[in-house]
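Following: one structure in structure tokens, then a few remarks.
The first residue of the sequence shown is numbered 1, and numbering continues consecutively from there. Worth knowing before you read on, the calculation uses all heavy atoms, side chains too, and leaves out hydrogens, waters and symmetry mates. All of these numbers come straight from a predicted model, not from anything done at the bench.
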Amino acid sequence: MVGSIFKNIDPIGLLLTSLTYFFLVYAYYVIVIVISVPFFSDSNYGWLNIAALTLLIFLCIVAHLKASLSNPGYILASNNDFDEQTMINHSNDFTMCRRCGIFRSADSHHCGICRKCIKKRHHHCPWINNCIGELNQRYFIQFNIYTAILCVYGIVFLMNSLIVIPDDDKSSFVPLRIFHSVFVIVECMVFGLFVFAIIFEQFSSIFSSKNPSIIESQKNYFQSLKSNLMYKYSQLCKVFDEKNPLLWLLPFEFKTFQWPKRNKILLLV
């Protein structure tokens, strides 16, 4: 669900979100306008790089927008339908938020910036100006993965361009081109290390819970390995809300088409 009621007005979050788009647009400008078009426009190499970069940045922006504008899993008072008997029978599975005054599951936490309780809240990320919760964690992971790919791509492409492009070609433009290239390479290195650490931390949190089906004393190594892999797969299916791993990195909703059921007619002759 995307709506204005779920958008947070946080100055730091708005600033860092704006910087995110600025760095993406600036890197695109340097790679495409400064490097690819002037020096590689007469080859398939240049146009393939432009197409690949455009696709990656498009997917990165879509994932960022969905992570930023989506409901991360707010627990609203109108949806708080736990009855008294449920609370008594599962007292260890629920807590009460003193700020919201509502009951919530044990894996839910209150965010002081969003001013709401969030299901499976991980943290509040100023780079997307939103919390990371049950409903938007997949988009946050996708955004970081695309950012990591773009950082590696930018470093490789720009370092290669500094080697391949001769300095005597358009010599008056050389200092500015080198400045832009070096600046984006440094930018990619800094953000690359940052997002790789976030990706590692996100997957660590997904796999942090212990597989309840494993009893080490009753299983050999291969059975335990298979059980662990299946458990991790099931955890990723829950996060990305999709069983097909090929669709995990696409920031779009895929609904399985179901053919309408036909009523069988029995003819008595």
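By the neighbour-count criterion of 12 heavy atoms within 6.0 Å, atom CG of N44 is sparsely surrounded, having that number or fewer from other residues, nucleotides or ligands. A 6.0 Å sphere centred on CG of L15 holds more than 12 heavy atoms belonging to other residues, nucleotides or ligands.
A distance of 10.0 Å separates CD of E201 from CG of N144, quoted to the nearest 0.5 Å. Atom CD of residue Q202 and atom CD1 of residue I145 lie 10.0 Å apart, to the nearest 0.5 angstrom. Interatomic distance, OH of Y233 versus CG of L229, reported as 12.5 Å (0.5 Å rounding). To the nearest 0.5 Å, atoms SG (C188) and CG (L158) are separated by 6.5 Å. For the atom pair NZ of K243 and CG of L236, the computed distance is 14.0 Å after rounding to the nearest 0.5 Å.
Seen from the ring of F39, R177 counts as a face-on cation partner, given the 6.0 Å and 45° thresholds.
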| said: With side-chain contact (heavy atoms from CB on, under 4.5 Å) as the criterion, how do I141 and V239 come out once you've worked through the C-alpha distance, each side chain's angles and the decisive distance to 0.1 Å? | reply: CA-CA 10 Å; I141 294 175; V239 171; 4.2 Å; yes
| request: Any chance you could lay out the side-chain contact (heavy atoms from CB on, under 4.5 Å) test for H109 and I118, step after step, and finish with the verdict? | output: CA-CA 6 Å; H109 302 281; I118 298 166; over 6 Å; no
| task | Run the numbers on T20 and H64 for side-chain contact (heavy atoms from CB on, under 4.5 Å), then give the verdict. | result | CA-CA 9 Å; T20 300; H64 184 275; 4.1 Å; yes
| said: I'd like to know whether K232 forms a side-chain contact (heavy atoms from CB on, under 4.5 Å) with C237, so could you lay out the CA-CA distance, the side-chain angles of the two residues, the decisive distance to 0.1 Å, and finally the verdict. | reply: CA-CA 9 Å; K232 291 179 179 179; C237 288; over 6 Å; no
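Across F143, F191, Y21, F140, a single residue satisfies ring pair (Phe, Tyr, Trp, His ring centres under 6.0 Å) together with W127, and that is F191.
Scored by the ring pair (Phe, Tyr, Trp, His ring centres under 6.0 Å) test, F183 finds Y26 as partners (sequence neighbours excluded). Residues passing the side-chain hydrogen bond (donor to acceptor under 3.5 Å, both in side chains) test with D241: none are found, sequence neighbours excluded.
Remark: side-chain polar atoms of N130 are paired, donor with acceptor, to backbone N or O of A67 under 3.5 angstrom. Side chain of K66 to backbone of P251: a donor-acceptor contact under 3.5 angstrom is found. In this structure a side-chain-to-backbone donor-acceptor pair under 3.5 Å is present from S234 to Y231. Judged by distance alone, the side chain of N49 and the main-chain N or O of Y45 form a donor-acceptor pair under 3.5 Å. Counting only distance, with no hydrogens or angles, the side chain of S68 and the backbone of L65 share no donor-acceptor pair below 3.5 Å. Judged by distance alone, the side chain of R115 and the main-chain N or O of I113 form a donor-acceptor pair under 3.5 Å. In this structure, Y146 contributes its side chain and L249 its backbone to a donor-acceptor pair below 3.5 Å. When atom types are taken as modelled, the side chain of S41 and the backbone of P38 share no donor-acceptor pair closer than 3.5 angstrom.
Y153 and L48 fall into different hydrophobic clusters, where Ile, Leu, Val, Met, Phe, Trp and Tyr side chains are chained together by heavy-atom contacts under 4.5 Å. V25 and V37 are not part of a single hydrophobic cluster, where members link through side-chain heavy atoms under 4.5 Å apart. Neither W248 nor F200 shares a network with the other; the hydrophobic side chains, linked directly or stepwise wherever heavy atoms of I, L, V, M, F, W or Y lie under 4.5 Å apart, form separate groups for each. Hydrophobic clustering of Ile, Leu, Val, Met, Phe, Trp and Tyr side chains at less than 4.5 Å, counting indirect connections, keeps V184 apart from F196. Tracing side-chain contacts under 4.5 Å through hydrophobic residues (I, L, V, M, F, W, Y), one reaches V34 starting from F157; they form part of the same cluster.
When all heavy atoms of Q137 and I206 are compared, the pair lying nearest together is NE2-CG1, 3.9 Å. Across all their heavy atoms, V30 and S181 have their closest contact at CG1-N, 4.3 Å. In terms of heavy-atom proximity, Q142 sits nearest to A63 at CB-CB, 4.0 Å. Closest approach of S161 to I35, counting heavy atoms only: CB-CG2, 3.8 Å. For the residue pair I199 and A148, the shortest heavy atom distance occurs at CD1-CB, 4.0 Å. Considering every non-hydrogen atom in both C151 and G192, the closest pair reads SG-N, 3.6 Å.
Using modelled atom types and a 3.5 Å distance limit, the side chains of E134 and H122 yield no donor-acceptor pair.
Side-chain contact between I163 and M159 is absent, with no heavy-atom pair separated by less than 4.5 Å. The shortest distance between side-chain heavy atoms of Y74 and C114 falls below 4.5 Å. The shortest distance between side-chain heavy atoms of C111 and R121 falls below 4.5 Å. Between F194 and V190 there is no side-chain heavy-atom pair separated by less than 4.5 Å. Between L135 and K119 the shortest side-chain heavy-atom distance does not fall below 4.5 Å. Taking the side chain as every heavy atom from C-beta outward, N129 and L16 never approach each other to under 4.5 Å. Taking the side chain as every heavy atom from C-beta outward, V152 and I155 never approach each other to under 4.5 Å.
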Pairs under 3.5 angstrom only: tabulate donor-acceptor contacts from the side chains of residues 52-60 to other protein residues two or more places apart or in another chain.
unit_1: T54; atom_1: OG1; unit_2: Y28; atom_2: OH; d: 2.9
unit_1: T54; atom_1: OG1; unit_2: I50; atom_2: O; d: 2.7

